[in-house]
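What follows is a single structure, written as structure tokens, with notes after it.
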Protein chains: 2
Amino acid sequence: MANQLHLSIDRSSPVPLYHQVVQGIEAAIHTGLLEPGSRLENEIDLAAQLNLSRPTMRKAMDELVRSGLLVRKRGVGTQVVSSQVRRPLELSSLYDDLTNNGSKPTTEVLTFAHVEADDATRQALHLPAGAKVYHFTRLRKVGGKPLALMENWVRDDITHIDEELLGSQGLYGILRGGGVNFRLATQRIGAMVANEYQAPLLETEPGSALVTMERTAVDDTGRNVETGHHVYRADSYSFEMTLVQR
Amino acid sequence: MANQLHLSIDRSSPVPLYHQVVQGIEAAIHTGLLEPGSRLENEIDLAAQLNLSRPTMRKAMDELVRSGLLVRKRGVGTQVVSSQVRRPLELSSLYDDLTNNGSKPTTEVLTFAHVEADDATRQALHLPAGAKVYHFTRLRKVGGKPLALMENWVRDDITHIDEELLGSQGLYGILRGGGVNFRLATQRIGAMVANEYQAPLLETEPGSALVTMERTAVDDTGRNVETGHHVYRADSYSFEMTLVQR
DNA sequence: AACATCCTAATGTCAGGACAAACTATTGAC
DNA sequence: GTCAATAGTTTGTCCTGACATTAGGATGTT
């Protein structure tokens, strides 16, 4: 079963070896070199072929299993999952998703204020009484079509934010530029019908379906940096994800 | 910084050591023994205290980082995330979620058929032409209140399914009983407004908001076992998840 | 031919060590 | 006093080695 992965490992690269393996196998699956359902060679032989240790090989496969591309069974082997799997939902911003997708989103800042945080915001961001936050609402369009209406609250002790900045780039880009390393976010996805305020902005009818998302993001120092409440036109947006059994 | 985790490791237990550590730290966080934002001792000392090797300790912390409870920074240390983190979205069924939650869901089977798969279903389940599937719709209530309207298509070569079975337990429970080990699922979450068919069943008004979910589940042999299209009352259900930066 | 038993292959778990890279805080020089 | 070099701490990566556990086929018995 010479599976001829022709992966090449570059030991002088700063990219960790296990990650090079991950990328190599991902590529092999996407190019069809590794067909869905096919079995891989066992971990030990694969490691030997690439002059890697088994733990390193195993760590690479762990990631691929976690992301849903591979399936392992003890005593049997490892095989490529037959279904075409998309990337699991990652911590990314709408703006990044759209630009990565080749679209050119535009952002219109509807309101902008630097105000004292209300109770709900203080609780969401773990702020003391009297702390101030940036509070703003934005309308995001892609291809001239409105897609999302976003209301956010952001700590003001990270980086300066103003209306002009928000109009020119995504919020997460601004915050990353201010030194924030996002680590995780909790979010809740639901639905509502468009009200009189939302409908005209999103160029739809009151009563049409909207996808709602509430999110709070945490950075690597444990600070709750940002919380927001977004609504999306249901006919233009939905959340796609891959769930992996642990 | 004697953090007194008083974890006890049982080496005779069939539970892997690293998982015992995971459970111990999770418990410490949930009981408040480890406060949000507090730093843990370093990996090596913790491992030594529990008479474990560093890789084992590290594997445990890896899982906790992945699930969002801990945050690591090279050169600095590991700390408990300040926000209260919920479990990441796992591959679970609505029925399981409800029963684990202490609720007593009831299921009403609206339609049931054993029919030849249509094109869309054949494609979703990777079935050959002429293959047959179980096709059924169910209404799930909890506390007498309707919550979800579910339409599913299931391969018929796994286990026998009938109307009575579906009324008494969850679909995933039936399939697991039939020897299926679920591994992953891809799903898409969106929104729609209730139509004339859905509204009376869900005891709501036409035009009210519904959360929609489409899911296809894959088992450990790579078979696409089940695909379904569910709608939930938006006022009673939403999807909550934790996203972790990779 | 049907069944139970053994064997093999593969993944799962665990240990102990070594060095690299990144961040902090201290120390030193100007 | 301010800034830069340095040392120390902690996580990140990688290695070798060992044994346990499981699934499934092969073997042998009834």
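Each chain gets a letter, A, B and so on, in the order the sequences are listed, and its residues count up from 1.
One interatomic measurement links the two molecules: CG of B:Asp62 to C1' of D:dT13, which rounds to 12 Å at whole-angstrom precision. The CG-C1' distance, from A:Asn42 to D:dA23, rounds to 15 Å in whole Å. One atom, CD of B:Glu41, and another, C1' of D:dT9, lie 14 Å apart when rounded to the nearest Å. In this structure, A:Lys59 atom NZ and D:dC15 atom C1' are separated by 14 Å, rounded to whole Å.
For B:Asp156, the salt bridge (Lys or Arg N to Asp or Glu O under 4.0 Å) criterion is met by no residue, not counting sequence neighbours.
Side-chain atoms of B:Arg138 and B:Thr107 include no donor-acceptor pair closer than 3.5 Å. When only modelled atom types and interatomic distance are considered, B:Glu226 and B:Asn152 share a side-chain donor-acceptor pair under 3.5 Å.
Within the model, atoms CG of B:Leu127 and CZ of B:Arg122 stand 8.0 Å from one another, a figure rounded to the nearest 0.5 Å.
Using the six-membered ring where Trp is involved, B:His160 and B:Tyr134 have ring planes that are perpendicular, over 60° apart on the 30 and 60° scheme.
Of the candidate nucleotides D:dT11, C:dA10, C:dC14, D:dT11 has the atom nearest to the side chain of B:Arg72.
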Please tabulate, one pair per line, each protein N/O and nucleotide N/O from nucleotides 16-19 of chain C that are separated by under 3.5 Å, including the distance.
residue	atom	partner	partner atom	Å
C:dA18	N6	B:Arg54	NH1	3.3

Please produce a list of atom pairs where a protein N or O lies less than 3.5 Å from an N or O of nucleotides 21-24 of chain C.
residue	atom	partner	partner atom	Å
C:dA21	O4'	B:Arg74	NH1	2.6
C:dA21	O3'	B:Arg74	NH1	3.1

Worked verdict on A:Leu70 versus A:Arg72 for side chain to side chain contact (heavy atoms under 4.5 Å, CB included): CA-CA 7 Å; A:Leu70 298 182; A:Arg72 277 196 288 221; 5.8 Å; no
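Applying the 4.0 Å criterion to OP1 and OP2 of D:dG12, one finds that B:Arg58 has a side-chain N or O inside that range. Considering only side-chain N and O atoms, A:Tyr18 lies under 4.0 angstrom from the phosphate OP1 or OP2 of D:dT13. Neither OP1 nor OP2 of C:dA10 sits under 4.0 Å from any side-chain N or O of A:Thr78.
The residue B:Ile44 sits close to a base: some heavy atom pair falls under 4.0 Å.
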